[in-house]
J.: 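Sharing a structure with you now.
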Amino acid sequence: MTEYTQLQQIRLQKIEELRTQGINPYPTRAERTHTSLQAIAALEAAPEGEPVPATLAGRIRATRPMGKLSFAHIEDGAGKIQLFFRINELGQEKVDFFNKMFDLGDFIQAEGLMMRTRTGEPTLQVTDFRMLAKAVSPLPADKDVEQPDGTIKRYAALEDPELRARQRYADLAVNPQVRETFRKRAAIIKALRNFLDSNDFLEVETPILQPLYGGAAARPFTTHHNELEQDMYLRISFELYLKRLLVGNLERVYEIGRDFRNEGVSYKHNPEFTQLEFYAAYFDYLKVMDLTEAMIGHVCDAVFGSRKFTFEKEPGKVYELDFTSWRRLEMRQGILETSGIDIAEHPTAESLFQAIVTRHPQAKPDPTVTRGKLIDFLLGEFLEPTLIQPTFLYDYPRDISPLAKPKPGDPLTVERFEGYAAGFELCNAFTELNDPLDQEQRFLDMQEDYDDDEEEKNPLDEDYLRAMRYGMPPNGGFGMGIDRLTMLLTNNRSIREVLLFPASRNEA
RNA sequence: GGGCGCGUAGCUCAACGGCAGAGCAGUGGCCUUUUAAGCCAUUGGUUCUGGGUUCGAAUCCCAGCGCGCUCACCA
């Protein structure tokens, strides 16, 4: 049984009072002729003295009752506008009715003529109004006050990150900049689609519920299909299904959707996240690099009209990011410059481990892992934090890249690159391995490398190998976290700020 | 998982071993161009939960729950 606060009980009484007066506090239909901004524009466009009738609908955000008149601000999807209730037009009874029965947060429909107040503010002088939806709970915010210089000053607001995420509806209702972030997010995704569509990519949908998982090194979520009597997994990547489509002569495909990884939660990790992957026949990783640069540039232009962004990674740590052109840095070179170790001189895990602990006694690499994982350690420890400006880091160790094609003449290295900005990984791409015999061997190697970790070990996907044996064109593939891109472009330092409903524990 | 920090009214926060408070929101009153409207009055608390120390705990200690930051993990 819901327990209501005193504030809520007062509003419940008002709902009852409305019903006893024969007024439905939640009517089925609503009317409006203008949004707030349309009404203001209509007033500005109309000749002096010509009446501008309008019917508006929105949520009450502020009221200023003054006895024989009353002002209110309502907010709709477009913006805010002031309402003016006066006994001259409405009579004392209706003004009292408004003051008594309407609260902050209620949705109201108001009809009247547009006017300007003494201070010049475009305002609807109300001749009739009605309740559209009564709010039981007050919105958790006080007031936004627009200062003379046009900035918004907030006197008190919903700020607790937990509450804001758990009650995103309330966060969105009271924090306009949060709405803006999610509009930007939608625009980013739309721009990505536009770009890929206009480059002859076909948007496809592949299974989220899979009998086997693969395409990334991550622990999956497991579920069960009752009728099929088999366990299923939520996908950890799209890769293996999208590449099956290349076998089927779909030359350029992409998918935007959700991946699920049963791993830690952090400022840049959420258990489900939105991924873009594309694959293009006859591309190699250099062509993918060019396309990526063009694609991100297109998103910047289309959504923001600029390729320069300010990103505050930590309080006071502000970066100016420029996505006009990406630096291209060979991983070996980057690691050499930042750690002083040349990985090419250490072809075995043992040799590389010794080099690391000798040169960096304070570093704590895991002595049991492969050479590739040690290189990844060097990358994360020394190189990654320095990759502030957009950078393509290329040529990765083979053993941590089981789906990438070897670099000709270099058996330890594959044609793979990752895009970095502001010190974190944004995307991952490679020249895709299309040799079914090599692919099978890689799967088998993985079984050994991940011997200690049953779940993170990619299961051997026989059907994928069967597909590849029919012939897969040479191709380049790409994956990018949309959430991280949105973080960078909207200056949000936590992934939770760009997810409408980030993962949370059950409420106690 | 480790470390640090936080949890007090609807919201934002004080009080830090001695009567649980403020602003806004709410309620009642005055007020015909306000815009943080103003003025007067006033309601509202399991101080996250459970133990403990103490004459006395929001405050100190222990445990738990939740969250934040950070480290680890994370192709």
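Numbered from 1 within each chain, the chains take letters A, B, ... in sequence-line order. What's counted below: heavy atoms across the whole structure, side chains too, no hydrogens, waters or symmetry copies.
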J.: Mind checking if A:Ile87 touches a base, just sugar-phosphate, or nothing, with heavy atoms under 4.0 Å?
T.: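 Base, at least one base heavy atom under 4.0 Å.
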
J.: Provide the distance between the two C1' atoms, one in B:A22 and one in B:U42, to the nearest whole Å.
T.: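 Comparing C1' positions in B:A22 and B:U42 gives a spacing of 15 Å.
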
J.: Expressed in whole Å, how much space separates the C1' atoms belonging to B:G10 and B:U43?
T.: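 After rounding to an integer number of Å, I get 13 Å for this pair.
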
J.: Tell me: CG of A:Leu7 to P of B:C24, nearest whole Å?
T.: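 In whole Å, B:C24 P and A:Leu7 CG are 15 Å from each other.
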
J.: So what does A:Asn428 touch, heavy atoms closer than 4.0 Å: a base, only the sugar-phosphate, or nothing?
T.: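 Since only primed, P, OP1 and OP2 atoms lie under 4.0 Å of A:Asn428, the category is sugar-phosphate.
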
J.: At under 4.0 Å, does any side-chain N or O of A:Arg166 touch on OP1 or OP2 of B:C67?
T.: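 Answer yes for this pair, as a side-chain N or O of A:Arg166 is under 4.0 Å from OP1 or OP2.
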
J.: Applying a 4.0 Å non-hydrogen cut-off, can you work out what A:Phe84 is touching in the nucleic acid: base, sugar-phosphate, or nothing?
T.: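 Touches a base.
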
J.: So what does A:Pro402 touch, heavy atoms closer than 4.0 Å: a base, only the sugar-phosphate, or nothing?
T.: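 It contacts base atoms.
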
J.: Which nucleotide sits closest to the side chain of A:Leu69: B:U34, B:U32, B:C74?
T.: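 So the nucleotide nearest the side chain must be B:U32.
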
J.: State whether the side chain of A:Arg371 and the backbone N or O of A:Ile343 hold a donor-acceptor pair below 3.5 Å, judged by distance alone.
T.: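 Flag set: sc A:Arg371 to bb A:Ile343 pair under 3.5 Å.
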
J.: Might you list the N or O atoms of the protein lying below 3.5 Å from N or O atoms in nucleotides 68-70 of chain B, with each pair's distance?
T.:
from, atom 1, to, atom 2, distance (Å)
B:G68, OP1, A:Arg496, NE, 2.8
B:G68, OP1, A:Arg496, NH2, 3.4

J.: Donor-acceptor pair, A:Lys243 side chain versus A:Met472 backbone, under 3.5 Å?
T.: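 No: the side chain of A:Lys243 does not pair with the backbone of A:Met472.
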
J.: Looking across every strand, which nucleic acid part, if any, lies under 4.0 Å from A:Glu418 by heavy atom: base, sugar-phosphate, or nothing?
T.: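 If one applies the 4.0 Å heavy-atom cut-off, A:Glu418 turns out to touch the sugar-phosphate alone, with no base involved.
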
J.: Heavy-atom nearest nucleotide on RNA chain B for A:Glu381 versus A:Gln6: which residue maps closer to 5'?
T.: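 Nearer the 5' end of the strand: A:Gln6.
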
J.: When A:Arg416 is tested against each of A:Asn428, A:Thr431, A:Asp395 for side-chain hydrogen bond (donor to acceptor under 3.5 Å, both in side chains), which residue passes?
T.: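 Of the listed options, the one satisfying the test is A:Asn428.
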
J.: Look at the side-chain N and O atoms of A:Lys68 and state whether any lies under 4.0 Å from the OP1 or OP2 oxygen of B:C30.
T.: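 No, no such contact exists.
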
J.: Hey, which sits more toward the 5' end of RNA chain B by its nearest nucleotide, A:Thr123 or A:Leu163?
T.: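 Upstream on the strand: A:Leu163.
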
J.: Write down the partner of B:C6 under the Watson-Crick or G-U wobble criteria, each distance required to be under 3.5 Å.
T.: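 Because both required distances fall under 3.5 Å, B:C6 counts as paired with B:G66.
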
J.: Okay, side chain of A:Asp284, backbone of A:Lys287: is any donor-acceptor separation there less than 3.5 Å?
T.: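 Yes, A:Asp284 side chain to A:Lys287 backbone: donor-acceptor pair under 3.5 Å.
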
J.: Respond yes when some side-chain nitrogen or oxygen of A:Lys14 is under 4.0 Å from OP1 or OP2 of B:G26, and no when none is.
T.: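 So the side chain of A:Lys14 is outside the cut-off, no N or O lying under 4.0 Å from OP1 or OP2 of B:G26.
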
J.: Does any N or O in the side chain of A:Ser339 come within less than 3.5 Å of the main-chain N or O of A:Ile335, such that one atom is a donor and the other an acceptor?
T.: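 Between the backbone of A:Ile335 and the side chain of A:Ser339 there is a qualifying donor-acceptor contact (under 3.5 Å).
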
